[in-house]
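Beneath this line is the structure, given in structure tokens, with notes to follow.
Protein chains get the first letters and strands the later ones, always in sequence-line order, with residue 1 at the start of each.
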Number of protein chains: 2
Amino acid sequence: MALAQAIMTSLLDADLSGSELARDFEKSMGFFWQASHQQIYQELRKLSQKGWLNKREVNQTGKPNKILYGLTLAGRKALADWVYGPTRVQPTKDELLLKLYNLSEENAEHLIGEITQRREEVMQRLYLYETIRRRHYADPAALPVRHKGVYLALESGIHQGEQFLAWCDQALELLATV
Amino acid sequence: MALAQAIMTSLLDADLSGSELARDFEKSMGFFWQASHQQIYQELRKLSQKGWLNKREVNQTGKPNKILYGLTLAGRKALADWVYGPTRVQPTKDELLLKLYNLSEENAEHLIGEITQRREEVMQRLYLYETIRRRHYADPAALPVRHKGVYLALESGIHQGEQFLAWCDQALELLATV
DNA sequence: AGGTGCATGTAAAAAGTTACATGATTTG
DNA sequence: CAAATCATGTAACTTTTTACATGCACCT
């Protein structure tokens, strides 16, 4: 969909290798963009061929060599232009909600378990985001322009998480009566 | 991912044709599951071959014939069992948040426009959901078991929407200072 | 009779997932 | 030296999207 731009955006601040990008996607960008390392390596190759990225090998002590990718001028230009193009959303697909459509006396207990587990997962994620917010975005209005955007994306993730926790509580309450 | 189950779930209450299913997916299930009519027709064929759905042709006055699909006993069984299996989530991919990572003085105005537009879209969707809630789910605790689950899914959509509106306001406020 | 909308599909391409492969380097 | 981990990939498969195709029936 826009994996190319997601990768290039990750490279705005620093040059990264494929595996570093993969780890990054799981963390900071993870709540609104995901990509496996296999996808990333393939896309990196394409972007290099297009001339939007350059690469250089870096020797590491104690680890195998890695290949760092960085934005070229053409890459930065392409990314900046992309912002003005059409925007697509690929909404969530959540099997848990689908399962709820199949709620019965039989499976209620099982679904309560699943919701409880998800609540836990989301709470941990939320804790991570809150930590980042406190550490880096204590005073949003004072941030440099681009970081304001990053902050807003983070806020979106936090809002989403909090909303989900509230929903879990409501769901568990109603399911308790089944 | 679980398109088969999404389709079968839609057929729990009534037999539907391919195009009716496609319309349904845009509406009620749309906020947590999406599928194009092309996908649906292919999946319907597979499910019929598996013996989970049966089909019958219906003549219509003023319209071409349609083919109604309904759950077989085997289909209902398979769906009920599926609930106990592993649950996957495919989180949102949203280009708008990715674009925000690229915020600059240059493009701030454009992004304000995009957010405003999205806010409008979500508000209309939310209005639809609220209408459904008022009409069919005024007294959740009194609902038959399965409908409690449907109600909770709807609630999730409403929460999400409200959360998004709040985020938009916060974003627009911060962006106004860029 | 020609245009429009509905219902049903097929085919090809793109995107994403799953499974596997390889070399290098620390660690036990 | 065997096992574990990291970094980099390839190949096959599945899912999803995009583009196109067809027939029918109403409406003007």
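- Under the 3.5 Å distance criterion, the side-chain polar atoms of A/T92 are left unmatched by any main-chain donor or acceptor of B/P91.
- For A/Q34, there are no side chain to side chain donor-acceptor pair (under 3.5 Å) partners two or more places apart in sequence or in a different chain.
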Counting primed atoms plus P, OP1 and OP2 as sugar-phosphate and everything else as base, spell out the protein contacts along nucleotides 6-17 of chain C at 4.0 Å heavy-atom distance: B, S or - for each nucleotide, 5' to 3'. BSBBB----SSB
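- Note: A/F32 and A/F25 fail the aromatic proximity criterion, with ring centroids not under 6.0 Å apart.
- The pair B/R118-B/D94 meets the salt-bridge criterion, since a charged nitrogen lies less than 4.0 angstrom from a carboxylate oxygen.
- Sorted by first and then second residue, the salt bridge (Lys or Arg N to Asp or Glu O under 4.0 Å) pairs with a member in residues 30-39 of chain A form an empty list; sequence neighbours excluded.
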